[in-house]
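Since the model is a prediction, treat every value here as computed from it, not as a measurement. Atom set for the values below is all heavy atoms of this structure, side chains included, hydrogens, waters and symmetry mates excluded. Both counts, for ligands and for their atoms, begin at 1 and track the order of listing.
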Amino acid sequence: MKILVTGGAGFIGSHTVVELVNAGHEPIIIDNFNNSEKSVLKGLRKIIKKPIKCYDKDCNDTKILEQICQKENIEGIIHFAAYKAVGESVENPLKYYENNIGSTLSVLKVMIKLGIKNLVFSSSCTVYGQPDQIPVTEDTPRKPAASPYGNTKTICEDILRDTITAGNPLKIIALRYFNPIGAHPSALIGELPSGVPGNLVPFITQTAAGIRQKLMVFGSDYNTPDGTNIRDFIHVVDLAKAHVSAIQLLDSKQDNTYDVFNIGTGTGNTVLEIIKTFEKVNKLKLNYELGPRRAGDVEKIYGDVEKASKIMGWKVEKTLADSLKDAWRWEKKLMKKNG
Ligand code: WQD
């Protein structure tokens, strides 16, 4: 299938491009490089050993998006393009509402106009807020998001559902990610946080690399086994493969359907367990300190991923050790490249 990958030069997008090629599909990237780097295309080319078509355009521009989909005879779209920094979204909500919701509206309008039916949407476990019970299933009620970023995901899911309710013949799957970590085992692509990383694992690897002086653990007085938050950390390659399973499932689905899947490992780990595992598998000591809580943090969440394995036939293959080894290998590669 010819698949347009919006935000395909991003962390999850680029890993998904690799898995789409591995599965025999023809991915085409559209990315305005607002939140990603062109160097990713070089890494992609080395992994997939052939050129990857990329349009340096903004998918908010519906006219341009339509022209590209028409010219490339696009049969399906995987929509990653969005800003995702929780903290930044609190400071600059309009930037997030305009881009994350605007780009989704643009994608939907073009699909309806051109009769493109298959859409996989990048959603997030943030729609669950602080769940009353864990693990969360897809039927766990969504809660008011703790950030404008999370709210854009909730709103976009509602837009997708309403588009189907209106009778449009689209076939849509929303994947609710938990915490994507790690990097491609080749260390040719990986996470490229801009500025000081907000997320845990890139902050850990940059601390180990000496780029950051010390990792601050945000809160050690939570109601968890060691007092630190619990999250569901999934290898980005496993997450990428879930998108291939989703787009392939859509091919066999009836028109006018919308479905949601949790994509995580189905297990939770505390922040301290991540730190200890990182130190163990990479044979190093990490400089960290237990500090105050970070506003907006959910105490504990991890996903029930039964539905994805039953209906999509998707299963996690990588371990937490794989993720933390691959994350460190990528950071060392970046250190070498940046000198
Ligand atoms: C994880 C844990 C922090 C940094 C992310 C994305 C969000 C969504 C869900 C995709 C928390 C702790 C972190 C640090 C720390 N993903 N931490 N010190 O908040 O779960 O959200 O996953 O949609 O977009 O942001 O991830 O990595 O920021 O934090 O102690 O320097 O690590 O308190 O408990 P989070 P995170």
Check your understanding: Any idea which heavy atoms bring I247 and M1 closest together, and the distance?
Key ->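 Shortest heavy-atom separation between I247 and M1 comes out as O-CE, 3.7 Å.
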Practice item. Please name the pair of heavy atoms, one in S194 and one in N35, separated by the smallest distance, quoted to 0.1 Å. Key: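 For S194 and N35, the tightest heavy-atom pair comes out as OG-OD1, 4.3 Å.
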Point to revise | Near ligand 1, at a heavy-atom separation below 4.0 Å: residues by chain and residue number | key: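 Residues within 4.0 Å of ligand 1: K84, V86, S124, Y149, F178, N179, G198, N199, L200, F203, L215, M216, V217, F218, N229, R231, V271, R294, D297.
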Check your understanding: Taking atom NZ of K143 as the centre, does the number of heavy atoms from other residues, nucleotides or ligands within less than 6.0 Å exceed 12?
Key ->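 Above 12, so yes.
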Exercise for review: Evaluate whether atom NZ of K95 has more than 12 neighbouring non-hydrogen atoms of other residues, nucleotides or ligands under 6.0 angstrom away.
Suggested key: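 Yes, the 6.0 Å shell around NZ holds more than 12 heavy atoms from other groups.
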Review point. Less than 4.0 Å between a side-chain N and a carboxylate O, is that true for R176 and E138?
Key: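 R176 and E138: not salt-bridged.
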Practice item. Check the hydrophobic clustering (I, L, V, M, F, W, Y; side-chain heavy atoms under 4.5 Å; chains of links allowed) and say if L188 and M335 are grouped together. Key: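 No.
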